[in-house]
S.K.: 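This is the structure, below, for whatever I ask next.
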Amino acid sequence: MPRAFYARPVLVVARALLGRALVHDAPEGRTAGLIVEVEAYGGERDPASHAFRGATPRNRVMFGAPGHAYVYFTYGMHHCVNVVTGAKGQARAVLVRALEPIEGLELMRRRRGVEVLERLARGPGCVTEALGLTRADDGVDLTRGPLWIADHPAVRRGPVVRTPRIGIRVAAERPWRLLFAGHPCASGAPIRTAVTARRVSNRSRRR
DNA sequence: GTATCGATTAGC
DNA sequence: CTAATCGATACA
């Protein structure tokens, strides 16, 4: 997709990403999947955003030009990939939370150490592992290079045959944090929050 | 410096 | 519900 695709409000891009393919070409081969779950971050009212307290070495890509990948390392063992949106300096990004694998399934299985299709790229940490993304990909330009967003015929044309939908953890939390349901991307209607459940779990962990 | 927690995941 | 595991952040 061209730069202009990314240079729009984060929520607009978040919805537009649903149903499109995230593709990565690596030496081992190509892997790709339809984006079925995303989460938008950024803005003065989003304390959950990595950019909430200003730019740092880690989040600097978020503050850069749109159309770049913000990849960060978390929990000491996982990577997550974001799509930077909006205008330069705004620090808005969309976290890719789940993919429906469409290409390079065997490579994904090898990288993930999992066979089941539904578990290859369900969850942000699984997405990066399936595609082989690491901090080395932080800041890469999505409009040129081995990592990019593409339209996908099967989705553009409507309900063709699909593999079982994944990324069912649909949720929404206003004002800046949203989780959308998978395709058809036209609907993209938020259903219910899953963030709440995570918070409850974390609370008990602190005791 | 030292403590705490995380835009997570897998497994019991 | 927890271990795993390390970087970022908060606090003394």
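Just so it is clear, the model here is predicted, and its values are computed rather than measured.
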S.K.: List, by chain and then residue number, the residues other than Val23(A) in its hydrophobic cluster (Ile/Leu/Val/Met/Phe/Trp/Tyr, side-chain heavy atoms under 4.5 Å); write none if there are no others.
M.R.: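 Trp148(A), which link up through side-chain heavy atoms under 4.5 Å apart, make up the rest of the cluster.
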S.K.: dC6(C) C1' sits how many Å from His79(A) NE2, rounded?
M.R.: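 Rounded to the whole Å, the gap is 11 Å.
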S.K.: To the side chain of Thr56(A), which of dA7(B), dT9(B), dT9(C) is closest?
M.R.: dT9(C)
S.K.: Using the aromatic ring of Tyr75(A) (for Trp, its six-membered ring), decide whether it stacks on the base of dG6(B) within the limits of 5.5 Å and 30°.
M.R.: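 Stacked: centres under 5.5 Å apart, planes under 30°.
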S.K.: Please list each protein N or O that sits under 3.5 Å from an N or O in nucleotides 10-12 of chain B, with the distance.
M.R.:
from    : atom 1 : to        : atom 2 : distance (Å)
dA10(B) : OP1    : Arg112(A) : NH1    : 3.0
dA10(B) : OP1    : Arg112(A) : NH2    : 2.9

S.K.: Counting side-chain heavy atoms from C-beta on, which of dA10(C), dT8(B), dA7(B) comes nearest to Arg53(A)?
M.R.: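 Closest of the options to the side chain of Arg53(A): dA10(C).
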S.K.: Using atom P of each nucleotide, how far apart are dT2(B) and dT5(C) to the nearest Å?
M.R.: 22 Å
S.K.: Provide, to the nearest angstrom, the distance between the CG atom belonging to Asn59(A) and the C1' atom belonging to dA7(B).
M.R.: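 For the pair Asn59(A) CG and dA7(B) C1', the rounded distance is 13 Å.
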S.K.: How would you list, by chain and number, every residue that makes a side chain to side chain donor-acceptor pair (under 3.5 Å) with Thr31(A), sequence neighbours excluded?
M.R.: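 Testing Thr31(A) for side chain to side chain donor-acceptor pair (under 3.5 Å), a comparison that skips the adjacent residues, returns Arg111(A).
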S.K.: Would you say the side-chain atoms of Tyr6(A) and His68(A) include a donor-acceptor pair closer than 3.5 Å?
M.R.: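 Their side chains do not contain a donor-acceptor pair, so the 3.5 Å distance test is not met.
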S.K.: Can you see if the side chain of His50(A) gets near the phosphate of dA7(B) - specifically, an N or O under 4.0 Å from OP1 or OP2?
M.R.: yes
S.K.: According to the ring-ring contact (aromatic ring centres under 6.0 Å, His included) rule, which pairs have a member within residues 93-116 of chain A, sequence neighbours left out?
M.R.: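 Output for this query is empty, none listed.
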S.K.: By the rule that ILVMFWY residues connect when side-chain heavy atoms come within less than 4.5 angstrom, directly or transitively, which residues belong alongside Val12(A)?
M.R.: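 Traced through the cluster, Val12(A) reaches no other member.
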S.K.: State the dot-bracket string of DNA chain C. Criteria: Watson-Crick or G-U wobble, both atom distances under 3.5 angstrom; notation: ( ) intrastrand, [ ] crossing earlier pairs, | interstrand, . unpaired.
M.R.: ||||.||||||.
S.K.: What pairs with Glu115(A) under side chain to side chain donor-acceptor pair (under 3.5 Å), at least two apart in sequence or on another chain?
M.R.: none
S.K.: Provide, to the nearest angstrom, the distance between the CZ atom belonging to Phe52(A) and the C1' atom belonging to dA10(C).
M.R.: 15 Å
S.K.: Would Tyr72(A) count as stacking on dA7(B) if stacking means ring centres less than 5.5 angstrom apart and planes tilted under 30 degrees?
M.R.: no
S.K.: Considering only side-chain heavy atoms of Leu95(A), which listed nucleotide, dG7(C), dA7(B), dA4(C), is closest?
M.R.: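 Minimum distance to the Leu95(A) side chain belongs to dA7(B).
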S.K.: Return each pair, listed once, that meets side chain to side chain donor-acceptor pair (under 3.5 Å) where at least one residue sits in residues 56-67 of chain A; pairs must be two or more places apart or across chains.
M.R.: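 As it turns out, the side chain to side chain donor-acceptor pair (under 3.5 Å) pairs with a partner in residues 56-67 of chain A, which skip direct neighbours, are Thr56(A)-Asn59(A).
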S.K.: Do you know which two heavy atoms are closest between Ala65(A) and Lys88(A), and how far apart they sit?
M.R.: N-CG, 3.9 Å
S.K.: Could you state the CZ-C1' distance from Arg58(A) to dA7(B), rounded to the nearest angstrom?
M.R.: 9 Å
S.K.: Taking the minimum atom-to-atom distance to the side chain of Arg135(A), which one of dG7(C), dA7(B), dT9(B) wins?
M.R.: dG7(C)
S.K.: Sequence neighbours excluded and cut-off under 3.5 Å, please list the side-chain donor-acceptor pairs for residues 139-147 of chain A, or say none.
M.R.:
from      : atom 1 : to        : atom 2 : distance (Å)
Asp141(A) : OD1    : Arg3(A)   : NH1    : 3.1
Asp141(A) : OD1    : Arg3(A)   : NH2    : 3.3
Asp141(A) : OD1    : Thr143(A) : N      : 2.9
Asp141(A) : OD1    : Thr143(A) : OG1    : 2.8
Asp141(A) : OD2    : Arg3(A)   : NH2    : 2.8
Asp141(A) : OD2    : Thr143(A) : OG1    : 3.4
Thr143(A) : OG1    : Arg3(A)   : NH2    : 3.1

S.K.: To the nearest Å, give me how far apart NE2 (His78(A)) and P (dG7(C)) are.
M.R.: 14 Å
